[in-house]
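Here the structure is a predicted model, which is why all the values come from computation and not from measurement. In listed order, ligands and their atoms are each counted from 1.
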Amino acid sequence: MRILVTGGAGYVGSHCVRHLSQYGHEVTVYDNLVHGHRGAVADGLPFIQGDLADRDMLTRIFASNDFDAVMHFAAYAYVGESVHEPLKYYQNNLANTVTLLDTMRVAGVKRLVFSSTCATYGEPAKVPITEDTMQRPINPYGRSKLAVEWMLRDCAAAWGLGACALRYFNACGAADDGSIGEDHKPETHLIPIILQVALGQRAQVTVFGTDYDTADGTCVRDYIHVEDLASAHRLAIEQIKAGEFSACNVGTGQGHSVREIIDVAREITGRPIAAAEGARRAGDPPVLVADPTRVRTTLGWEATHADIRTIVGSAWRWHEAHPQGYNDR
Ligand code: UDP
């Protein structure tokens, strides 16, 4: 399949690009490099530096390439920033997706896999979370992603778009061969922060809240390896049906607490990793764990990197070999 990947130089996007290429798909990357890294995309692959807001460029690209499908990752993804600058998120994540969908419609491209998130569920009443759980996001980031899901459903009904929204849980880990990995600036995610402490780049990790109603008082999350996310995207794009909108959670179904992750990282790295207890972070639900039944049964997906030691070990190999990440800014 010929696939345009928006945000293909970002963390999850770049791993999907690599995976799709390995499975014989012809991939073109479209990324504005605001948060993405040129070094995350292999040299031989077609790369276009462009912005989703650029309707003319998207129109030209669709006119001059015979794409079968689009994988749409390009978005801002800092929850805290979205609270302070909501319009930045509604513009890039929502309004620019209107532009993408409209240029797809005009060009007759009718398959799309969308990078959605468990943040669309907000604070779910019960876990594990199935796709039928009420989606009540609690921040502008989650709302901007949910609004795109609504648009996709409407476009499926109106002009035959086939779309699949993959609602990821906590993406982590790095490519099996160590060639690409996670590099956010600023970094806010737990596993990279812990590993930066292990590398001596930070003095300590602060545990955000130790008084949650969980086994050890810290938040529980479903950590999903980026290689497993990549295979879910490939299976989704290969199986999309015209005129249908579907959504799948992508997680392992296993939850791990913040303390557990720190302990595993101490074991894997062999380094002490100082941790301090801090206040709760606003908007953090106590437990977010996927029920992955649907992605297994409808897409035939299975996690192959679900073990938490495998996940943290994979992230550690990348961070140890690339202490400055891609070192491009
Ligand atoms: N967390 C933490 N200290 C940090 C960063 C994160 O205790 O410095 C916690 C956070 O409260 C959450 C979990 O680790 O419970 C995962 O957070 P992350 O930001 O990696 O992903 P999120 O769950 O917000 O998507």
Side-chain angles (χ1 to χ4, degrees), residues 10-12 35 73 75-84 89 93 115-124 127-129 135 137-146 166-174 181-199 201-226 229 249-266 273-290 308 311-312 314-316 318-319:
Y11 173 43
V12 181
H35 289 298
F73 297 95
Y76 293 141
Y78 289 111
V79 170
E81 183 184 60
S82 80
V83 173
H84 299 293
Y89 280 69
N93 297 5
S115 163
S116 191
T117 167
C118 66
T120 59
Y121 294 115
E123 297 188 17
V127 285
I129 300 168
Q135 288 176 289
I138 55 170
N139 52 59
Y141 165 66
R143 284 191 274 271
S144 71
K145 289 281 182 173
L146 178 56
L166 295 179
R167 299 177 187 151
Y168 326 150
F169 283 65
N170 287 61
C172 48
E182 188 166 11
D183 178 7
H184 295 112
K185 294 203 172 57
E187 188 53 79
T188 61
H189 296 103
L190 182 66
I191 293 177
I193 284 177
I194 291 172
L195 298 178
Q196 287 171 356
V197 178
L199 285 171
Q201 296 174 336
R202 291 175 190 255
Q204 60 182 30
V205 54
T206 302
V207 178
F208 294 151
T210 53
D211 58 349
Y212 285 99
D213 186 16
T214 58
D216 67 13
T218 67
C219 286
V220 170
R221 295 288 180 272
D222 184 333
Y223 293 90
I224 174 78
H225 197 283
V226 70
L229 280 178
N249 291 336
V250 193
T252 64
Q254 295 161 36
H256 298 282
S257 73
V258 174
R259 283 198 211 282
E260 220 180 319
I261 300 292
I262 296 172
D263 286 342
V264 169
R266 286 179 179 141
I273 308 183
E277 296 189 357
R280 291 183 177 197
R281 184 171 69 177
D284 266 343
V287 182
L288 289 174
V289 176
I308 196 63
I311 288 175
V312 175
S314 147
W316 176 235
W318 158 258
H319 284 279

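When side chains are defined from C-beta on, F169 counts as touching I129, because their heavy atoms get closer than 4.5 Å. For the pair V205 and Q196, the minimum side-chain heavy-atom distance is 4.5 Å or more.
For F208, the ring-ring contact (aromatic ring centres under 6.0 Å, His included) test picks out no residue, with sequence neighbours left out. Every residue two or more places apart in sequence or in another chain was checked for a salt bridge (Lys or Arg N to Asp or Glu O under 4.0 Å) with E187, and none qualifies. With sequence neighbours left out, the ring-ring contact (aromatic ring centres under 6.0 Å, His included) criterion links Y89 to Y76.
With rounding to the nearest 0.5 Å, the separation of CD in Q135 from SG in C118 is 11.0 Å.
Closer than 4.0 angstrom to ligand 1 sit non-hydrogen atoms from N170, T188, H189, L190, I193, T206, V207, F208, C219, R221, Y223, V258, R281, D284.
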